[in-house]
Peer 1: 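Pasting a structure here, questions to come.
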Amino acid sequence: MDEKNGIVVYCASSQHVDPRYHQVAREMGALIARNGYTLVNGGGALGLMASTIDGAADAGGRTVGVLPHFMIEKGWANSRLSECIDTPSMHVRKQTMASMSCAAVALAGGIGTLDELCEMMTWHQLGLFTGPVIIVNTDGFYDPLIEMFGKMQALSFMRGGDIPAVVVATPAEAMAVINASKTID
């Protein structure tokens, strides 16, 4: 795999969410595949992670899941992955996913997704990750977080005054940001 042909997608592993979020995740996976990128994610067999993998695989794309060894031992790896990378820890998992990717996308998710998103925003701010970091704000899911980022900006807690992420409403808009960033390189 071309080291920087991946797009890492962070999203929920929970199955018990509104079907519209699964639809968005499938669409994101399919768009990644159709645009010639590799889907990189946490490789889970459930939730939105599984939906992104299904979308990419159904569109004929390559899917790479990065899981810490304990998750593989528990049988949490998705059977539709093109490749499953075994890491010794969650920290190495996140670093591995970022190192394979030219962009990072956050779909709806829980605390793990928020952790991954904020880490990528920090890395972007520090110049450790140079691709776009994109928040897909499906039906206003991230509005409270975006409001908090606005407060951080207003009170001068954001370095440079900018939120180190692009907020979009749909997977198609996320893909447009990614493709535009590749033409700038």
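All residue numbers refer to positions in the sequence shown, counting from 1.
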Peer 1: For the side chain of N35 and the backbone of L31, is there at least one donor-acceptor N/O pair under 3.5 Å apart?
Peer 2: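 At least one qualifying donor-acceptor pair exists.
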
Peer 1: So, using side chain to side chain donor-acceptor pair (under 3.5 Å) as the criterion, who are the partners of H22 when residues are at least two apart?
Peer 2: S51

Peer 1: Main chain of T52, side chain of R26: is a donor-acceptor contact present, judged purely on distance under 3.5 Å?
Peer 2: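 Absent.
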
Peer 1: Short question: side chain of S89, backbone of V92 - any donor-acceptor pair under 3.5 Å?
Peer 2: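 Yes, because the side chain of S89 sits within donor-acceptor range (under 3.5 Å) of the backbone of V92.
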
Peer 1: Within the 4.5 Å heavy-atom criterion, are S13 and L48 side-chain neighbours or not?
Peer 2: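 The answer is no; the side chains never approach within 4.5 Å.
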
Peer 1: More than 12 heavy atoms of other residues, nucleotides or ligands under 6.0 Å from CD of Q95: yes or no?
Peer 2: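 No, CD of Q95 has 12 or fewer neighbouring heavy atoms, counting only those of other groups under 6.0 Å.
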
Peer 1: Applying the 4.5 Å side-chain criterion to the ILVMFWY set and letting contacts propagate, would Y142 and Y21 be lumped into a single cluster?
Peer 2: yes

Peer 1: Atom CG in D54, atom CG in N78: separation rounded to 0.5 Å?
Peer 2: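 It comes to 6.5 Å.
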
Peer 1: Quick one: do L128 and M158 end up in the same hydrophobic cluster if we chain Ile, Leu, Val, Met, Phe, Trp and Tyr together by side-chain heavy atoms under 4.5 Å apart?
Peer 2: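 Yes, because L128 and M158 connect within a single hydrophobic cluster, where side-chain heavy atoms sit under 4.5 Å apart.
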
Peer 1: Considering only heavy atoms from C-beta outward, does the side chain of P171 approach that of V136 to under 4.5 Å?
Peer 2: yes

Peer 1: As a quick check of understanding, evaluate side-chain contact (heavy atoms from CB on, under 4.5 Å) for S101 and V40, giving each step before the final call.
Peer 2: CA-CA 7 Å; S101 301; V40 178; 4.1 Å; yes

Peer 1: So L39 and R62, side-chain contact (heavy atoms from CB on, under 4.5 Å) or not? Walk me through it.
Peer 2: CA-CA 6 Å; L39 169 69; R62 181 169 163 69; over 6 Å; no

Peer 1: Same cluster for M90 and M97 if Ile/Leu/Val/Met/Phe/Trp/Tyr side chains link at under 4.5 Å?
Peer 2: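 Unlinked, M90 and M97 end up in two clusters.
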
Peer 1: Any Lys/Arg nitrogen of E119 or K94 sitting under 4.0 Å from an Asp/Glu carboxylate oxygen of the other?
Peer 2: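 A salt bridge links E119 with K94.
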
Peer 1: So, the side chain of E173 versus the backbone of A169: is there a donor-acceptor pair under 3.5 Å, distance only?
Peer 2: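 Yes: the side chain of E173 pairs with the backbone of A169.
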
Peer 1: Given side chains that start at C-beta, do those of I134 and V168 come closer than 4.5 Å, heavy atoms only?
Peer 2: yes

Peer 1: Do the side chains of N41 and V8 get nearer than 4.5 Å, heavy atoms only?
Peer 2: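 Heavy-atom side-chain distance check fails, nothing below 4.5 Å.
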
Peer 1: So do the side chains of K151 and L155 get within less than 4.5 Å of each other, counting heavy atoms only?
Peer 2: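 Side-chain contact under 4.5 Å: yes.
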
Peer 1: Has E83 got a side-chain atom pairing as donor or acceptor with V64's backbone, closer than 3.5 angstrom?
Peer 2: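 Here the side-chain-to-backbone pair does not exist.
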
Peer 1: Using modelled atom types only, decide if a donor and an acceptor are shared between the side chain of R34 and the backbone of A59 within a distance under 3.5 Å.
Peer 2: no

Peer 1: Using every non-hydrogen atom in the two residues, find where P132 and V177 come nearest and quote the distance to one decimal.
Peer 2: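 It is CB-CG1, 4.1 Å.
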
Peer 1: Just jot down the side chain to side chain donor-acceptor pair (under 3.5 Å) partners of E73, sequence neighbours excluded, or say none.
Peer 2: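 Side chain to side chain donor-acceptor pair (under 3.5 Å) check on E73 returns H69.
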
Peer 1: Nearest 0.5 Å, what's the NE2-CG distance between H124 and L117?
Peer 2: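 Rounded to the nearest 0.5 Å, the NE2-CG separation comes out at 12.0 Å.
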
Peer 1: How long is the straight-line distance from CG of L67 back to SG of C84, given to the nearest 0.5 Å?
Peer 2: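 C84 SG to L67 CG: 5.0 Å, rounded to 0.5 Å.
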
Peer 1: Check the pair I7, M175 against side-chain contact (heavy atoms from CB on, under 4.5 Å), reporting the backbone distance first and the verdict last.
Peer 2: CA-CA 10 Å; I7 296 174; M175 205 70 245; 3.6 Å; yes

Peer 1: In chain order, what residues pass the side chain to side chain donor-acceptor pair (under 3.5 Å) check against Y37, with sequence neighbours excluded?
Peer 2: N179

Peer 1: Look at the side-chain heavy atoms of Ile, Leu, Val, Met, Phe, Trp and Tyr, link any pair under 4.5 Å apart, and say whether L114 and V17 land in one connected group.
Peer 2: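 Per the 4.5 Å side-chain linkage, L114 and V17 are co-clustered.
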
Peer 1: Got a salt bridge between R80 and D58, using NZ or NE/NH1/NH2 to carboxylate O under 4.0 Å?
Peer 2: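 D58 and R80: salt-bridged.
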
Peer 1: Would you check if T38 and I32 make a side-chain contact, meaning some heavy-atom pair closer than 4.5 Å?
Peer 2: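 Not in contact.
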
Peer 1: Would you confirm whether S82, through its side chain, and T63, through its main-chain N or O, come within 3.5 Å as a donor-acceptor pair?
Peer 2: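 Answer holds: yes.
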
Peer 1: If every non-hydrogen atom of F149 is compared with every non-hydrogen atom of I135, which pair is closest and at what distance?
Peer 2: CE1-CD1, 4.2 Å

Peer 1: How long is the span from the CD atom in Q125 to the CE atom in M120, to the nearest 0.5 Å?
Peer 2: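 Answer for the CD-CE pair, Q125 versus M120, is 13.0 Å.
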
Peer 1: Rounded to the nearest 0.5 Å, what separation is found between the OG1 atom of T122 and the CZ atom of F129?
Peer 2: 13.0 Å

Peer 1: Of all the heavy-atom pairs spanning A98 and K4, show the shortest one and how long it is.
Peer 2: O-NZ, 3.9 Å

Peer 1: Please determine whether residues L126 and V166 belong to a single hydrophobic cluster, defined as Ile, Leu, Val, Met, Phe, Trp and Tyr linked transitively by side-chain heavy-atom distances below 4.5 Å.
Peer 2: no

Peer 1: Given side-chain contact (heavy atoms from CB on, under 4.5 Å), test T138 with L107 step by step and report yes or no.
Peer 2: CA-CA 8 Å; T138 304; L107 303 178; 5.6 Å; no

Peer 1: Mind checking the SG-CD1 spacing from C102 to I178? Nearest 0.5 Å is all I need.
Peer 2: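 Spacing of SG (C102) from CD1 (I178) equals 6.5 Å.
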
